[in-house]
Amino acid sequence: MTQRPTLIVLPGDGIGPEVIGATLRIIDWFAKHRGFDCDLRIEQFGIQTYYDTGLFMRQGLMEDLMSADAVLFGALGSDVENRGVSAKVRREQGLLSIRKHMQVFANLRPVKALAPLAGASPLRPHITKGVDLIVVRELTGGMYFGEPRGVETLPDGERRGVNTHVYTSTEIRRIARVAFELARQRRNSVMSVDKANVMEAGVLWREEVSRLHAREFADVRLEHMYADNAAMQLVRNPRQFDVLLADNLFGDILSDEAAMITGSLGMLPSASLSEPDNGGRRRGFYEPVHGSAPDIAGQNKANPLGAVLSFAMALQLSFNRQGDARLLEDAVLATLSQNVRTADIAESHSRIVSTTQMTDAIIHELDRTAR
Ligand code: IPM
Ligand code: MG
């Protein structure tokens, strides 16, 4: 008998519980209609949990996350700055600590311009038409984790803030490998982003990516681009990109920018994967790219599609259910084609719906295809 895979769900804070609530209904649909059988556990995690218990997550949960087949996460944070959770506590217990613990270094952020949303993007349709790129962002190194870090007060009373951008050749090669392997399944082209014109670590990045390319991936087209130029090219001519490889910080910035090609940050899903373990299994952490949006939290307004499509990525990458992933993506596309929109992707002629109604509409589409 094969064991049921484990899926741990962390709704988190802000709009997290709403978009994850929507996704749980979708998961339930796949359980009922497509035989998606998993051991599903919902766990508390986040700032609210910290206020309630003094910890971001219960003792032992990190170990459970490590052994789960997939983790689906909503969003973290509220009006944090005002409510006194120190940066140190956030770093040691928050989202970054999960990413680091799980060693999910490969963050995949697909950016697809869906035809029905052409008018929802602030970019003109002739720019966005047909864009299908994926940001491969290094997620467990670089500026986010580099030491030394901190704020110190100098003898003369001046304060100094320090963060360190640091990468080893091994870290660069393992993320570059993910990008090249992915490119082979797509349009066979990698654009690697760095600031080798000013940063030594950027020079190393470029050298290591090029070396790995020459040794093992010479069949893949590789180009390098400075990060500032990449930011400009993303709005000038985004169709030139297939796989966009970037470090943690540049990948964070460029993926928010790229999201606007789709119409809204609320549309973007992500998957973060570890190296394969002995059994060949990669840990998978799935989360929408958007944050906790405290300004609209609790109002049933949030776009659930980033979370729903993150579950589609889990179906594909952790549960080996490519057909189901496709089914879900098609249902989302069909729903958008009927001009059903949450506020963030609405146009003047759209029917503006709540989070719940958007989910109803997707389930309606799924039901239609299952009949
Ligand atoms: C993201 C987010 C996070 C990041 C924040 C919430 C820490 O912006 O996933 O892109 O910077 O990585
Ligand atoms: Mg970000």
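One-based numbering, in listed order, for ligands and for the atoms of each.
- The Mg ion (ligand 2) has no N, O or S atom of D256 under 2.8 Å away, backbone or side chain.
- Protein residues with any heavy atom under 4.0 Å from ligand 1: R99, R109, R137, Y144, D252.
- Side chains of S255 and R109: a donor-acceptor N/O pair is present below 3.5 angstrom, by distance only.
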Salt bridge (Lys or Arg N to Asp or Glu O under 4.0 Å) between D39 and R41, intermediate numbers included: CA-CA 7 Å; D39 175 7; R41 301 185 213 155; 3.1 Å; yes
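- Between S192 and H213, the side chains place no donor N or O within less than 3.5 Å of an acceptor N or O (distance only, hydrogens not considered).
- Sorting the N, O or S atoms of D252 by how far they are from the Mg ion (ligand 2) puts OD1 first.
- For CG of D156, the number of neighbouring non-hydrogen atoms (other residues, nucleotides, ligands) closer than 6.0 Å is greater than 12.
- If you check the side chains of E208 and Y167, you find no donor sitting under 3.5 Å from an acceptor.
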CA sep, side-chain torsions, deciding dist, call: D277, R282, salt bridge (Lys or Arg N to Asp or Glu O under 4.0 Å): CA-CA 6 Å; D277 63 17; R282 291 177 187 268; over 6 Å; no
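- Ring pair F319/F36 is perpendicular by interplanar angle, where above 60° counts as perpendicular and below 30° as parallel.
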